[in-house]
Number of protein chains: 2
Amino acid sequence: MGSLCSMVRWEPGAKERLQLAAITLFVERGYEQTTVQDIAAAAGLTERTFFRHFADKREVLFVGSDVYAATFVQGVAEAPEGAAPFELATAAITAAARDFFPIERRAWSRQRQAVLDANTPLQERELLKRAALSDALTAAFRERGATEADARVAAETGVTAFHLAFRQWIAEGEERPLLEIEQDVLARMAAFMPGAASVAPD
Amino acid sequence: MGSLCSMVRWEPGAKERLQLAAITLFVERGYEQTTVQDIAAAAGLTERTFFRHFADKREVLFVGSDVYAATFVQGVAEAPEGAAPFELATAAITAAARDFFPIERRAWSRQRQAVLDANTPLQERELLKRAALSDALTAAFRERGATEADARVAAETGVTAFHLAFRQWIAEGEERPLLEIEQDVLARMAAFMPGAASVAPD
DNA sequence: TAAAGTCATGTCAGTTCCTGACCTCAGGGT
DNA sequence: ACCCTGAGGTCAGGAACTGACATGACTTTA
């Protein structure tokens with residue numbers, strides 16, 4: 001019994017199928033209106049299997065957030081020898097913009113963000129990931145010789161700058177590349193601080 | 001039937017009793033090991049009643065976070081007329097330190113933070129409240145004439161500064177008042193930015 | 001080549017969080 | 001006396017998870 005070929009017990013790529021089914025259903029009918037069972041069924045799998053691949057329902061939208069964070073850390077590691085904390089932070093977020101957010105990905109980022117923006121539980125998870133990123137960056141800065149306090153300041157500030165730039169990047173009508181917006185945000189933050197470094201006018 | 005006096009159908013202060021029972025049990029046996037039914041029972045109430053007072057299990061630790069945020073906003077409103085964004089942000093976080101975190105509250109803050117630190121779901125909720133605070137501050141800065149972009153930078157930076165200062169305030173062995181630590185953090189952030197305002201040495 | 005082991009999935013039962021619908025009964029106003 | 005409101009109770013149920021155990025193709029090993 002069983003058909004001609006494909007004597008495989010299970011189609012491969014279960015995790016990816018689940019992710020795809022999830023985002024599709026979330027966009028179609030909303031996050032809350034989508035049950036884990038729905039997702040699993042759409043992927044031809046079981047609810048139990050879903051939870052073997054993802055710690056919880058939200059996590060299906062955040063796989064790969066660790067390699068994403070690694071990009072920032074990598075950026076720090078590749079910064080020139082005697083770089084100051086500010087340059088290290090800049091290196092981190094420019095690396096992320098370069099490796100993770102080319103313009104081709106903007107449409108996808110917008111769609112994803114629309115889902116997140118519509119659901120508080122998802123925002124909570126995203127904030128947690130951001131905090132984890134801060135911690136990872138703090139560690140990276142420490143390895144480059146910064147004190148704990150300075151490393152924390154650099155990490156939090158860098159992540160905030162990235163976040164602000166990212167939000168602007170996916171704002172309606174925005175067309176500049178993320179890298180350019182990051183420069184803008186960093187300048188704005190510098191201008192905000194006392195000691196008021198002069199900034200190029202708008 | 002029923003005893004002598006106290007013909008009241010329900011003891012007053014249900015919400016407060018629930019909060020107290022919750023934090024007590026969380027400290028005693030941990031957040032996850034405490035069921036909402038446990039909390040309600042300890043307060044002499046029903047699970048259903050718990051959810052009438054708090055949107056979810058986590059929220060019981062975050063009541064009053066709105067008046068807390070209002071303190072920041074109030075600080076902005078009370079700042080002198082022509083204050084720059086940086087001064088407005090400073091006003092916000094110093095007002096919060098003054099009105100909400102006297103040294104007497106440090107022990108309580110430490111205990112509460114210990115519970116939060118031990119439970120990821122609670123951290124998520126706290127981050128969400130912080131994001132809400134950023135939004136409220138952004139609005140406050142806008143009302144003082146800042147552009148949207150500048151208001152966001154000021155708000156995010158201010159909240160970050162406060163957060164870093166607060167964490168230091170409740171760190172083991174730390175004894176300085178929060179206000180003093182805030183000054184320190186702000187100076188550190190200023191020193192971090194290019195244009196390097198000179199800062200008093202450690 | 002047969003036995004044994006691995007691993008991804010299925011099945012099932014159970015707990016906890018949370019919600020909607022409806023009921024109860026003190027206290028206050030009319 | 002009457003009704004209304006408000007805080008709480010009762011019950012039923014859905015959806016998110018978890019643990020324990022079963023299955024069967026593929027791989028390794030004897």
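Residue numbering restarts at 1 for every chain, and letters A, B, ... go by the order of the sequence lines. These numbers come from the heavy atoms of this one structure, side chains and all, not from hydrogens, waters or symmetry mates.
- Regarding contacts with the backbone of D:dA16, a side-chain N or O of A:T35 is found under 4.0 angstrom from either OP1 or OP2.
- Checked against the 6.0 Å centroid threshold, B:F100 and B:F162 do not count as a close aromatic pair.
- As a whole-Å value, the separation of B:K15 NZ from D:dG6 C1' is 15 Å.
- In this structure, A:Q37 reaches neither bases nor backbone, as no heavy-atom distance under 4.0 Å exists between it and the strands shown.
- Atom C1' of nucleotide C:dC18 and atom CD1 of B:I39 are separated by 13 Å, given to the nearest angstrom.
- With a 4.5 Å cut-off on side-chain heavy atoms, B:F101 and B:L179 do not count as touching.
- Between A:E47 atom CD and D:dA16 atom C1' there is a gap of 7 Å when expressed in whole angstrom units.
- What separates CZ of A:R29 from P of D:dA15 is a distance of 11 Å, to the nearest Å.
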Might you work through the side chain to side chain contact (heavy atoms under 4.5 Å, CB included) test for B:K57 and B:Y31, ending with a clear yes or no?
-> CA-CA 10 Å; B:K57 186 183 173 188; B:Y31 173 79; 3.6 Å; yes
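- Following rounding to the nearest Å, B:E32 (CD) and D:dG19 (P) show an atom-to-atom distance of 11 Å.
- Side-chain contact of B:T147 with B:D150: a donor-acceptor pair under 3.5 Å is present, judged by distance alone.
- The distance from atom CZ of A:R48 to atom C1' of D:dT23 is 16 Å, rounded to the nearest whole Å.
- Distance, B:N119 CG to C:dT16 C1': 15 Å, rounded to whole Å.
- Rounded to whole Å, atom P of C:dT11 lies 18 Å from atom CZ of A:F50.
- Using a 4.5 Å heavy-atom cutoff, the side chains of B:L128 and B:F62 are not in contact.
- Nearest to the side-chain atoms of B:W10 among the listed nucleotides D:dC11, D:dG24, D:dA7 stands D:dA7.
- Environment of CD in B:E174: crowded, with over 12 heavy atoms of neighbouring residues, nucleotides or ligands closer than 6.0 Å.
- In this pair, A:Y68 and A:F72 present their aromatic rings perpendicular. The plane angle is above 60°, beyond the 30 to 60° band.
- Listed nucleotides: D:dG24, D:dG9, D:dA20. Nearest to the side chain of A:R9: D:dG24.
- Remark: B:R52, B:H53 in residues 51-66 of chain B come within less than 4.0 Å of DNA chain D through at least one heavy atom.
- A salt bridge links A:R152 with A:E148: the distance from a Lys NZ or Arg NE/NH1/NH2 to an Asp or Glu carboxylate oxygen falls below 4.0 Å.
- Each end of the helix from C:dT1-D:dA30 to C:dT30-D:dA1 gets its own axis, taken as the rotation carrying the C1' atoms of four end pairs onto the next four within a five-pair window, and the two axes meet at 10° to the nearest 10 degrees.
- Nucleic acid contact for B:T46: base, since at least one base atom lies under 4.0 Å from a heavy atom of the residue.
- Using a cut-off of 4.0 Å between Lys/Arg side-chain N and Asp/Glu carboxylate O, A:E11 and A:R17 are scored as not salt-bridged.
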